[in-house]
Amino acid sequence: MNLFAEIKTLVLSALHEMVGEGALPADLNFSNVSVEPPRDALHGDMATNAAMVLAKPAKMKPRDIAEILAQKLTADPRIDTADVAGPGFLNLRLDPAILHGLIPQILNSGADFGKSNIGQGRKVNVEFISANPTGPLHIGHTRGAVFGDALSSLLDFAGYQVTREYVINDGGSQIDTLARSVYLRYLEAHGQAVSFPEGVYPGDYLVPVGEALKAKIGDAYIDQPEDIWMEEIRNFATDAMMGLIRSDMALLGIEMDVFFSEKSLYGTGKIEACLDALEAKGLIYQGTLPPPKGKLGEGWEPREQTLFRSTAHGDDVDRPVKKSDGGWTYFAPDIAYHYDKIQRGFDELIDVLGADHGGYVKRMKAAVSAMSDGKVPLDIKLCQLVRLFRDGEPFKMSKRAGTFVLLSDVVEQVGADVTRFVMLTRKNDAALDFDLAKATEQSKDNPVFYVNYAYARVFSVLKKAGNPSDEKLASANMALLTHDAEINLIKKLAEWPRLAELAATHHEPHRIAFYLYELASEFHALQHLGKVDPDLRFIREDAVECTEARLAMIRAVAVVISAGLGILGVTPRNEMR
RNA sequence: GGUCCCGUAGCUCAGCUGGAUAGAGCACCGGAUUCCUAAUCCGGGGGUCGCAGGUUCGAAUCCUGCCGGGAUCACCA
């Protein structure tokens, strides 16, 4: 289904043939041979670098290799011409029938067009959001949420078996703080005047939690010491916060497969078992860390702690797993959590984190490498900050939380689809400026609109043509699509499977967004040509066959846009008014 | 000071395991609509790819060192 992969197979078999005939030496490594879209469409439909990457190991001139390869390739019916160009590129022009044949393929496969099996059913765990259950999700979580969800869909599209996972940090001291905060709201619900000292969460969102607690237990905990109510309120409050977070996620249409409780690692021997496993590899020891370099060294004092030898797996310094008082550091349960993921049989792990976790990457990779003996790759995707604007002015106020802009504020203002798309128009590791006013603007300046507009235009045209079925369109005579702009559009469609594979292997969903913009652009250009030259209009009363072929083509555009937006989690609209 | 990320057109950013004359949008200038959505399209000007070395047939891309911006940095999760 991936035309580029198909032609690459052809190139490789031609190369093997050349080896068999003695035209190339044996033992050549073909892994660097690629077949790609050429930078300039004038060069042809596809280009291969085979002659250039093989020239040196084969000790031949690139052009000599290219000449022979060109002869072999043109013998194949799929290849019209193969021209040697530049330093040794081989530019291929395909038999138009190959491109034309793509359209029925797209119409018949529908949303499945572009799916691949590069994942080969490998189990991949994508952990994302994982916000502390102490309040609603804010803008800082939103990008990671959208990114993780889209990456998951992308990997699924590429043939991986994906698990979306959220780890609930319900074991740490911040939950004690949450419980105390809720206790105050509980007292408040009973009519007591309360003040909120430093170190508790003052947010209004805890008011209903305090009231709910009152409704559940009445006045049982009034004037009671902390050790009486702490455990129960911790659980009660955590559940309430996870309820909030789940409803925030629902606003973006995100559903997790697994919610993993960090607390489940404590008191169950899981952390101990994990560290035992590391100790068996000689990676746990008692020791004292050197002072940090630089001026932060002030106030530092040596402490003997239990340390993980992360330097054995690429980290810069070993990391403590136990505090000097014997309690676990945060790192310890997190190692155990990743150990658990490995034991659950995942072949690959992905963590989506905020950029403020940058210092955490090496140690976690070291831990996973150590625990899996280097067999389970861990990719940590750091999402950089989102800067919110409205009409060019920084946007910071939140009506409900007072400090952070909430995810729900953003979705309320621009909608889930716009939020998702905009969040995916940047690489995850580049900072993102998000202008809430521009995001709802209906213009080409707004990529969401621009892409969806192309989709809606297709529907408009099809409607005008009486909504022919995909089956009927698939049987049209595509050979009538001969105009350059039409061929360019089909070539863009042909790139989709390849692009989806690349985006998946690189864990970069933003490439989908950029591709969709380009596809929409090709479509808008062609659509406009019909205004200048009536013969190029999609619907021609005087040419039924041609009309059918064109309708099939634009229907294929809609199918691919729909598939792409589907991966991004955006629902295309059939009309924009 | 260590580590990580970023540095590409006036602005915001793409640039696909290194490949051909470095691309797009905005802004600016000039055009296009009796028509399926002008909410669009076409053309033009605009670049020492932060700087300097290195690797090679070839570097925005890989390596080293600087410069600038951001994040982070030992018993906080």
Side-chain angles (χ1 to χ4, degrees), chain A residues 31-32 34 36-40 43 47 49 52-53 55-56 61-62 85-89 91 132 134 169 171-175 262 289-297 299-303 305 315-317 319-320 322-331 333-334 354-362 382 384-385 425-433 435 438 441-447 449-450 453-454 456-458 460-465 495 498-499 502-503 505-506 508 510-511 513-515 517-518 521 524-532 534 537-539 554 575-577:
Chain A
S31 61
N32 286 331
S34 68
E36 302 176 356
R39 189 166 293 254
D40 189 332
H43 292 140
N49 62 354
M52 278 180 292
V53 297
K56 193 172 183 185
K61 289 179 187 167
F89 278 101
N91 289 325
N132 286 341
T134 56
N169 290 314
S173 61
Q174 81 282 1
I175 302 298
E262 187 200 2
L289 288 174
K293 291 164 186 166
K295 52 186 169 185
L296 276 164
W300 178 89
E301 43 190 66
R303 274 187 293 269
Q305 293 171 290
D315 202 358
D316 307 310
V317 58
R319 305 291 176 174
K322 273 189 184 176
K323 307 178 201 170
S324 52
D325 68 3
W328 301 118
T329 63
Y330 172 70
F331 190 36
D334 216 14
D356 54 342
H357 289 72
Y360 205 62
V361 172
K362 282 189 181 179
L382 296 178
Q384 283 289 343
L385 298 176
T425 52
R426 289 285 176 276
K427 282 182 296 202
N428 60 288
D429 49 13
L432 168 67
D433 290 347
D435 192 308
K438 198 173 266 186
E441 198 174 282
Q442 299 208 331
S443 78
K444 154 181 214 185
D445 198 15
N446 175 0
F449 171 80
Y450 186 78
Y453 183 32
R457 268 183 156 170
V458 170
S460 172
V461 174
L462 289 174
K463 189 176 170 188
K464 181 147 183 131
E495 284 179 35
R498 176 176 179 273
L499 183 115
L502 282 169
T505 47
H506 290 266
E508 292 183 339
H510 77 275
R511 294 194 193 194
F514 280 92
Y515 169 81
Y517 190 89
E518 289 166 14
S521 176
H524 285 308
L526 180 55
Q527 194 270 351
H528 189 80
L529 285 180
K531 298 196 176 291
V532 182
R537 296 182 58 156
F538 298 133
I539 300 174
I554 63 171
E575 58 178 355
M576 305 303 287
R577 330 176 200 257

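Letters go in sequence order (proteins before strands), and every chain restarts at 1.
Rounded to a whole angstrom, the distance from the C1' atom of B:rU61 to that of B:rU8 is 12 Å. Taking atom C1' on both B:rC51 and B:rG7, the two are 12 Å apart, rounded to the nearest angstrom. Using P as the reference atom, B:rC76 and B:rU64 are 35 Å apart when rounded to the nearest Å. Atom P of B:rU40 sits at a distance of 8 Å from the matching atom of B:rC26, rounded to the whole Å. For the C1' atoms, the distance from B:rC42 to B:rC49 is 28 Å, rounded to whole Å. Using atom C1' as the reference point in both B:rC16 and B:rC35, the two lie 39 Å apart (nearest Å). A distance of about 15 Å separates the P atoms of B:rU12 and B:rG70, rounded to the whole Å. On the P atoms, B:rC11 is 13 Å away from B:rG47, given to the nearest whole Å.
Here the nucleotide nearest the side chain of A:Asp429, chosen from B:rC5, B:rC36, B:rA77, is B:rC5. Nearest to the side-chain atoms of A:Lys531 among the listed nucleotides B:rA38, B:rC41, B:rC75 stands B:rA38. Considering only side-chain atoms of A:Tyr360, the nucleotide from B:rA77, B:rC75, B:rC6 that sits closest is B:rA77. Among the nucleotides B:rC41, B:rA77, B:rA14, the one closest to the side chain of A:His357 is B:rA77. Nearest to the side chain of A:Lys56, among B:rC41, B:rC35, B:rU56, sits B:rU56. Each of B:rC41, B:rG15, B:rA38 was ranked by its minimum atom distance to the side chain of A:Arg457; first place goes to B:rA38.
With sequence neighbours excluded, the residues satisfying ring pair (Phe, Tyr, Trp, His ring centres under 6.0 Å) with A:Tyr517 are A:Tyr450. Taking A:Asp433 as the reference, A:Arg387 meet the side chain to side chain donor-acceptor pair (under 3.5 Å) condition, with sequence neighbours excluded. Contacts of A:Asn428 classified as side chain to side chain donor-acceptor pair (under 3.5 Å), with partners at least two apart in sequence or in another chain: none. For A:Asp316, the side chain to side chain donor-acceptor pair (under 3.5 Å) criterion is met by A:Lys362, not counting sequence neighbours.
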Would you tabulate the nitrogen or oxygen pairs shorter than 3.5 Å linking the protein to nucleotides 65-70 of chain B?
none

What protein N or O atoms touch nucleotides 19-21 of chain B N or O atoms at under 3.5 angstrom, if any, and at what distances?
residue : atom : partner : partner atom : Å
B:rA20  : OP2  : A:Arg39 : NE           : 2.3
B:rA20  : OP2  : A:Arg39 : NH2          : 3.0
B:rA20  : N6   : A:Asn91 : OD1          : 2.8
B:rA20  : N1   : A:Asn91 : OD1          : 3.0
B:rA20  : N1   : A:Asn91 : ND2          : 3.0

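Here B:rC16 presents its P atom at 10 Å from CG of A:Leu502, a figure rounded to the nearest Å. Here B:rU40 presents its C1' atom at 14 Å from CG of A:Asn446, a figure rounded to the nearest Å. Atom NZ of A:Lys438 and atom C1' of B:rA27 are 10 Å apart (whole Å). B:rU61 atom P lies 17 Å from atom NE2 of A:His506, rounded to whole Å. One atom, CG of A:Asp435, and another, C1' of B:rU12, lie 11 Å apart when rounded to the nearest Å. One can place CD of A:Gln527 at 15 Å from P of B:rU33, the figure rounded to the nearest angstrom. For the pair A:Tyr517 OH and B:rA14 P, the computed distance is 14 Å after rounding to whole Å. Look at NZ on A:Lys427: it is 17 Å from P on B:rC4, rounded to the nearest Å.
Across all strands shown, B:rC4 forms a Watson-Crick or G-U wobble pair with B:rG70, both key distances being under 3.5 Å. Searching all strands for a Watson-Crick or G-U wobble partner of B:rG53 with both distances below 3.5 Å returns B:rC63. Look at B:rU17: it lacks any Watson-Crick or wobble partner with both distances under 3.5 angstrom. Base pairing of B:rG47: no nucleotide in any strand meets the Watson-Crick or G-U wobble criterion (both distances under 3.5 Å). Shown here, B:rU40 forms a base pair with B:rA32; the pair counts as Watson-Crick or G-U wobble because both key distances fall under 3.5 Å. Pair assignment for B:rG10 gives B:rC26, based on Watson-Crick or G-U wobble hydrogen-bonding distances that are each under 3.5 Å.
In this structure, A:Gly358 reaches neither bases nor backbone, as no heavy-atom distance under 4.0 Å exists between it and the strands shown. Base contact: A:Phe449 has a heavy atom under 4.0 Å from a base atom. Counting any heavy atom pair closer than 4.0 Å across all strands shown, A:Lys463 reaches no nucleic acid atom. Nucleic acid contact class of A:Ser34 (heavy atoms, under 4.0 Å, all strands): base. Residue contacts for A:Arg426: at a heavy-atom cut-off of 4.0 Å it reaches the sugar-phosphate backbone alone, with no base atom in range. Contact annotation for A:Phe538: base contact, defined as any heavy-atom pair under 4.0 Å involving a base atom.
Listed for the A:Glu495 side chain is no donor-acceptor partner under 3.5 Å among the backbone atoms of A:Tyr515. A side-chain donor-acceptor contact under 3.5 Å links A:Asn49 to the backbone of A:Ser34.
One finds a side-chain N or O of A:Tyr450 lying less than 4.0 angstrom from the OP1 or OP2 phosphate oxygen of B:rC41.
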